[in-house]
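Working notes, structure below.
In what follows, every chain begins at residue 1, and chains take the letters A, B, ... in the order their sequences are listed.
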Amino acid sequence: MMAVVRKLLSPTDFRPIIPLVVKNSFSCTQFNEPFRAKDSSGLPTDLLRSYFDKGSIQEAQNLFDKMLHRDVITWTFMITGYNSCNHHNSAWTMFTQMLRHGVQPNAFTVSAVLKTCKALKALSCGKLAHGLAIKIGTQGSSIYVDNALMDMYATCCDSMGHARMVFEDIITKNDVSWTTLITGYTHRGDAYAGLRVFRQMLLEEGELSSFSFSIAVRACASIGSDILGKQVHAAVINHGFVSNLPVMNSILDMYCRCRCASEAKQLFCEMTQKDTITWNTLIAGFETVDFKESLCIFSRMMSEGFSPNCFTFTSVVAACANLAVLYCGLQLHGVIVRRGLDNNLEISNSLIDMYAKCGNIADSRKLFSGMPCTNLVSWTSMMIGYGAHGHGKEAVELFNEMVKSGIKPDKIVFVAVLSACSHAGLVDEGLRYFRLMTNYYNLAPDRDIYGCVVDLLGRAGRVEEAYQLIENMPFNPDESIWVSLLGACKAHKQPSMAKLAALRVLDMKPNKVGTYVLLSNIYAAEGNWVDFAGLRKLLRGVSNKKDAGRSWIELKDQVYSFVVGDRFVSSNEQGCEVLKLLIVHMKDVGYVPDLDCIPCP
DNA sequence: TTAGGGTTAG
């Protein structure tokens, strides 16, 4: 049999796929004598496990190196241990060494090494392990191997075909088999297929577990379907899983992602058991719909004695960014530093965004420059900050620096750099990046990218080019693209194109008051009083009035929000003074009010 | 000695 295995797994099979890291130079301070591990039920394997549990990988390797007799259990322990510490390259190395030492793997080994392949997303290695499983007769006889195989194929393949085939061949499926298949579909973005499998599982009275309910709820959340989510929630209640905290946390998350705020709050109040994840889920959920509420929940979390973690801080810092409350953000930054979380990558990224959105771009840059390590999100956040502050040149420089540092750009970073170019009038630079994206990085521009380029051309007055781009783009333009063109036509006084864009906007959003006003002004300017009157008549019938533009000022620990003619201005002395200063400053720098969109009395 | 699930950033 071993000859067959060796033939199947020749050394050349391993060489190019995964780098082999052989550790053979460890010093062993704890043990002076080599260990004899003829049977592996005793001390050495227990010690191996405890070392890996503690994360003392080197000690585990030292101990293993000292063992004179290593059997399949010992080798498998090492593979499993390396997997548990996320040292998957080392786990694979152990596996190859094991085969070279002539040790025959068993079902435990195969399922462990399949987990390694899954983590490394190494399909070729996984196929080798599959071949081995067939040769030694573990596929079809070990449910652990079958399930691990399915999981490996679901993770590493472009489609679910192989995973599905393994699943269909399993005669007695258990709860893990079902969950693995549902997870496979859901994690690759095919939540409906995952839910179909979940339904099939219920119909066939498959073994139920909290895992399968959690992933089914996740599938509903990923497609934003609270209708399906409520059905799964009902099934959770019917099958008695309401006392399972991970399941309830996932239901809470589903309601938040489906924007069912009242259902989320009700469930949260009804939950008798809560952990940090429960609070974090609610805080992150409200962070996208009600920033202020998100901060209030955070405050409650603290007062009820729960300790916030990096997930919590990332969400509340984002809430401060969206509220533009610098004072609050600064306080949080202080807490983050005091708790020693200031080197956390995700928190740092959210702080960069917060400082930029609160108007303090210098502190964003200071924080970014001081980060011990950065990722694509860090660079993108900084570029978006620069773009929003009108520093297009800095954003472009940062993009080039990022590429030099070896980070590969994605679509979002191109949105950031194109938007920065657009606001800074760097048209040719922006177009160069548009070409770079498609020609060099092979990234297909999506609707957002086209929107940026339309904006880039339009702001620079190249309205006809912008229109041609809209006409030739491979998507149906949405309302925002026509609004962008309309803004450009208005700024560069292109009435005929503006008329076309305005009519397109009204086709899609018939209640946009601003568009009616703008279009009627164009008619007035060309003396077309018939259409002007008709439009004004239509405007009176538009029920959905435009929301008044809202501004806010942060004074001490309070945020004052106000609209035109609001009583805030006259009732708040300090606020009034700030506004007076602002008006003087605006006039000093030459601001002339644009009254084009003010309706005639 | 083995397999599957829940919360973060642009």
Compare the minimum distances between each of [options] and the side chain of [X], then state the nucleotide with the smallest one.
X       : options                 : value
P246(A) : dT7(B), dT1(B), dG5(B)  : dG5(B)
S381(A) : dT2(B), dG6(B), dG10(B) : dG10(B)
S111(A) : dT2(B), dA3(B), dT7(B)  : dT2(B)
N280(A) : dG5(B), dA9(B), dT7(B)  : dT7(B)
F311(A) : dT8(B), dT2(B), dA3(B)  : dT8(B)
V413(A) : dG10(B), dT1(B), dG4(B) : dG10(B)
D253(A) : dG4(B), dA9(B), dT8(B)  : dT8(B)

Has the side chain of [X] got a donor or acceptor that lies under 3.5 Å from a partner of the other kind on the base of [N]?
X       : N       : result
N244(A) : dG6(B)  : no
T380(A) : dG10(B) : yes
T179(A) : dG5(B)  : no
S209(A) : dG4(B)  : yes
N174(A) : dG4(B)  : no
T314(A) : dT8(B)  : yes
N249(A) : dG5(B)  : no
D146(A) : dA3(B)  : no

Sugar-phosphate only, base, or nothing, as touched by [X] at under 4.0 Å among non-hydrogen atoms:
X       : value
A318(A) : nothing
V247(A) : base
N106(A) : base
S210(A) : base
N83(A)  : nothing
L376(A) : base
I412(A) : base
T281(A) : sugar-phosphate

Spacing between [X] atom [atom1] and [N] atom [atom2], to the nearest angstrom:
X       : N       : atom1 : atom2 : value
M67(A)  : dT1(B)  : CE    : C1'   : 13 Å
L181(A) : dA3(B)  : CG    : P     : 19 Å
E346(A) : dG10(B) : CD    : P     : 11 Å
L245(A) : dG6(B)  : CG    : P     : 14 Å
F268(A) : dG6(B)  : CZ    : C1'   : 15 Å
N309(A) : dA9(B)  : CG    : C1'   : 14 Å
I347(A) : dT8(B)  : CD1   : C1'   : 9 Å
I449(A) : dG10(B) : CD1   : P     : 17 Å

Practice problem: Answer yes or no: does atom CD of E270(A) have more than 12 heavy-atom neighbours from other residues, nucleotides or ligands under 6.0 Å? | Solution: yes
Quiz prompt | Phosphate contact (dG6(B) OP1 or OP2) by R257(A) side-chain N/O below 4.0 Å | solution = no
Taking the six-membered ring for Trp, are [X] and [Y] parallel (under 30°), tilted (30 to 60°) or perpendicular (over 60°)?
X       : Y       : result
H333(A) : Y355(A) : tilted
H391(A) : H389(A) : parallel
H101(A) : W75(A)  : tilted
H239(A) : F213(A) : tilted

Quiz item: Ring stacking, F211(A) with base of dG4(B), under 5.5 Å and under 30°?
Solution: yes
Practice problem: Only one of T314(A), N249(A), N309(A) passes side chain to side chain donor-acceptor pair (under 3.5 Å) with N280(A); say which it is. | Solution: N309(A)
Practice problem: Please report the C-alpha distance between W379(A) and F368(A) in whole Å, then the side-chain angles of each, then the deciding distance to 0.1 Å, and finally whether the ring-ring contact (aromatic ring centres under 6.0 Å, His included) criterion is met. | Solution: CA-CA 8 Å; W379(A) 292 82; F368(A) 174 78; 5.0 Å; yes
